[in-house]
There are 2 protein chains.
Amino acid sequence: MPAYAASTRTAAPQARIPAGYLAMQGSAALGRSALADDRGGTRRTFAKGEELFAEGEAADFFYQVVSGTVRVCKLLSDGRRQIDAFQLAGDIFGLENGAEHRFTAEAVEETVVLAFRRGRFANLLHDNPAFGDQLMTSMITSLERAQDHMVLLGRKTAQEKIATFLMDMAGRLAKGDRLDLPMQRTDIADHLGLTIETVSRTLTQMVRDGLIKLGAAGRTITLTDKLALQQLNG
Amino acid sequence: MPAYAASTRTAAPQARIPAGYLAMQGSAALGRSALADDRGGTRRTFAKGEELFAEGEAADFFYQVVSGTVRVCKLLSDGRRQIDAFQLAGDIFGLENGAEHRFTAEAVEETVVLAFRRGRFANLLHDNPAFGDQLMTSMITSLERAQDHMVLLGRKTAQEKIATFLMDMAGRLAKGDRLDLPMQRTDIADHLGLTIETVSRTLTQMVRDGLIKLGAAGRTITLTDKLALQQLNG
DNA sequence: CGGTAGCTTGATGCGAGTCAACCCATGTGG
DNA sequence: CCACATGGGTTGACTCGCATCAAGCTACCG
């Protein structure tokens, strides 16, 4: 039984925001999802570390991120943790077949989401095909990300994992070559199937090799050699 | 660059069966999917090792397994391979957002599938909400499996990986405690992020520990201690 | 009966995990 | 304002699980 890295929950316990107002002013951070608002999503805000829902809870709602970052994770009985994905602005998650959530979702930083009540898909799809289309597209996107991530977890070296992660986050958060990671080392480690020590060491090595630069807090990363990083993706 | 286990392709090169007849007699092996036939899926048969489609090919069709087994996999440039999933009777796969397939699908054994022409989801969902519902459910199921598999790949030991795999396959192929695996060691290894040697050694050890019995060909496995195997799932 | 594909077994090595300090920034209370 | 605690990150020494390399075994097939 190796590698466990259960993050110490910084979260306030379960301080669920009690279902906000429907008012939807603009939502600048959102892209393609003006539709979502029309479907009557309820806006909710979660503090850093707070839990949106836990494994085993009733799955009455699914969510779309407006701003911030959510980590979606599963735990083994002895505390080993795997973060399946980080959900950023626009991403949809928490849709289940069964009655219960099969994973936990927590806010990595202050995060705003839209919560949608789950109905029968058939009805949903029939009433608003465009939203159904968006949902299906979103599910397929999640699946594609999951498939790419399985290659990473199953077959890539630590260096390749970090390179892939950095390029992926750069693509999704992109502001030039400067990357501001919202999550800490523990989260990165649990996402990539590594330990925090290995994450740290690999990043340090990449600095030595001139691939990246690390900001003071360790959260700001400048990709100085994207080409080399890209070649490490496999 | 470790761990590569690119399987030697036994496959006949690209001998695509030329789009069969629409006749759909009963399809006993299928469960819930009588609907599928009504949607005009085209029946196709693939020989052991044959390729249904490859990464990068036009994604004009998606598929549902009628009988047999399909492996869905991705390759890194140097040949390392990850099998994302095994698709068994009833499973739907190959649905993409983009115009091209993002992974390869190959028949593990003689396999019969239904091929569906992909249209705009919106139309599809609107025309036949029940089929849309089935599709959405199927996508969510795939995603759930992928999430469970990421925990396995990222955080489980070799022994736990094998135990989980055996219990999973038993649940899907179940005929009592006797399990007839359709795939070879190479496929199992590439699915679990291991090498064939480790798969073999771990199985041998499980025999010694009295958890399983191995048939002569190595493909038939009897689960003699399901409880212990279950406890190894984490 | 020889060739080969798939599986198993053994000896050895390495990449990443484990254990343990240590650093630094931030926050808090006396 | 300083002493101290705390959380997040880095670094080093050592260990170990699984990969690698290399035979050998068995069943099947021409």
Side-chain angles (χ1 to χ4, degrees), chain A residues 1-11 48-49 78-82 108-109 152-163 181-208 212-221 232, chain B residues 1-11 48-49 78-82 108-109 152-162 181-190 192-208 212-221 232:
Chain A
M1 311 260 162
Y4 46 119
S7 68
T8 318
R9 292 280 169 70
T10 329
K48 177 175 173 175
D78 62 357
R80 279 173 286 171
R81 186 178 72 151
Q82 175 65 39
V108 169
E109 57 183 335
L152 178 148
L153 291 172
R155 289 300 181 208
K156 292 190 180 179
T157 64
Q159 197 189 25
E160 291 168 339
K161 286 177 176 182
I162 298 282
L181 294 180
M183 74 290 290
Q184 55 187 53
R185 298 290 185 265
T186 306
D187 289 332
I188 299 176
D190 285 349
H191 184 48
L192 302 181
L194 299 170
T195 59
I196 54 172
E197 293 95 330
T198 299
V199 171
S200 183
R201 270 189 259 271
T202 306
L203 285 172
T204 305
Q205 189 57 45
M206 283 181 169
V207 171
R208 285 199 200 101
I212 61 172
K213 277 180 195 162
L214 269 182
R219 296 291 183 89
T220 305
I221 299 182
L232 282 175
Chain B
M1 312 261 162
Y4 47 120
S7 67
T8 319
R9 291 279 169 71
T10 327
K48 177 175 172 174
D78 62 357
R80 280 173 285 173
R81 186 178 73 150
Q82 176 64 40
V108 169
E109 56 183 334
L152 178 149
L153 291 171
R155 289 298 180 209
K156 291 190 181 178
T157 63
Q159 197 190 26
E160 292 168 338
K161 285 176 177 183
I162 298 281
L181 294 179
M183 74 289 291
Q184 55 187 53
R185 297 291 185 266
T186 306
D187 290 331
I188 299 176
D190 285 350
L192 302 181
L194 299 169
T195 58
I196 55 171
E197 293 95 331
T198 299
V199 170
S200 182
R201 269 188 259 272
T202 306
L203 286 172
T204 305
Q205 188 56 46
M206 283 181 170
V207 171
R208 285 199 202 101
I212 60 172
K213 278 180 195 161
L214 269 182
R219 296 290 184 89
T220 305
I221 298 182
L232 281 174

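Order of the sequence lines fixes the chain letters, A, B, ..., with proteins taken first and strands second; residue numbering starts at 1 for each chain. Just so it is clear, the model here is predicted, and its values are computed rather than measured.
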Practice item. Indicate, with a heavy-atom threshold strictly under 4.0 Å, whether Ile188(B) touches base, sugar-phosphate, or nothing. Key: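 If one applies the 4.0 Å heavy-atom cut-off, Ile188(B) turns out to touch nothing in the nucleic acid.
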When all nucleic acid strands are considered with a 4.0 Å heavy-atom cut-off, which category describes Thr204(A): base, sugar-phosphate, or nothing?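 The answer is sugar-phosphate, as Thr204(A) gets under 4.0 Å only of primed atoms, P, OP1 or OP2.
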Euclidean distance, atom [atom1] of residue [X] to atom [atom2] of [N] [Å, nearest integer]:
| X | N | atom1 | atom2 | result |
| --- | --- | --- | --- | --- |
| Arg81(B) | dA19(D) | CZ | C1' | 17 Å |
| Arg208(A) | dT11(D) | CZ | C1' | 9 Å |
| Asp187(B) | dA5(C) | CG | P | 16 Å |
| Met183(A) | dG7(D) | CE | C1' | 18 Å |
| Ile196(A) | dG12(D) | CD1 | P | 16 Å |
| Leu194(B) | dG15(C) | CG | P | 18 Å |
| Leu181(B) | dG6(C) | CG | P | 15 Å |
| Arg185(B) | dC18(D) | CZ | P | 18 Å |

Correct closest heavy-atom pair for Arg80(B) and Lys156(A) would be NH1-CA, 3.9 Å
Residue-phosphate contact under 4.0 Å: [X] side-chain N/O, [N] OP1/OP2:
| X | N | result |
| --- | --- | --- |
| Ser200(A) | dG9(D) | no |
| Arg219(A) | dG9(D) | yes |
| Thr195(A) | dG17(C) | yes |

By side-chain hydrogen bond (donor to acceptor under 3.5 Å, both in side chains), which residues pair with [X], not counting sequence neighbours?
| X | value |
| --- | --- |
| Thr204(A) | none |
| Gln205(A) | Arg208(A), Asp209(A) |
| Ser200(A) | none |

Which atom pairs link the protein and nucleotides 19-27 of chain C when you take only N or O atoms and keep those under 3.5 Å?
from    : atom 1 : to        : atom 2 : distance (Å)
dC19(C) : N4     : Glu197(A) : OE2    : 3.0

Per side chain to side chain contact (heavy atoms under 4.5 Å, CB included), Thr202(A) is matched among Leu192(A), Val207(A), Ile162(A) by Ile162(A)
Taken in chain and number order and not counting sequence neighbours, the residues that satisfy side chain to side chain contact (heavy atoms under 4.5 Å, CB included) with Arg185(A) are Ile188(A), Ile196(A), Val199(A), Leu203(A), Leu214(A)
What I want to find out is whether Arg155(B) reaches Asp190(A) closely enough, with some N-O distance under 4.0 Å, to be called a salt bridge. yes
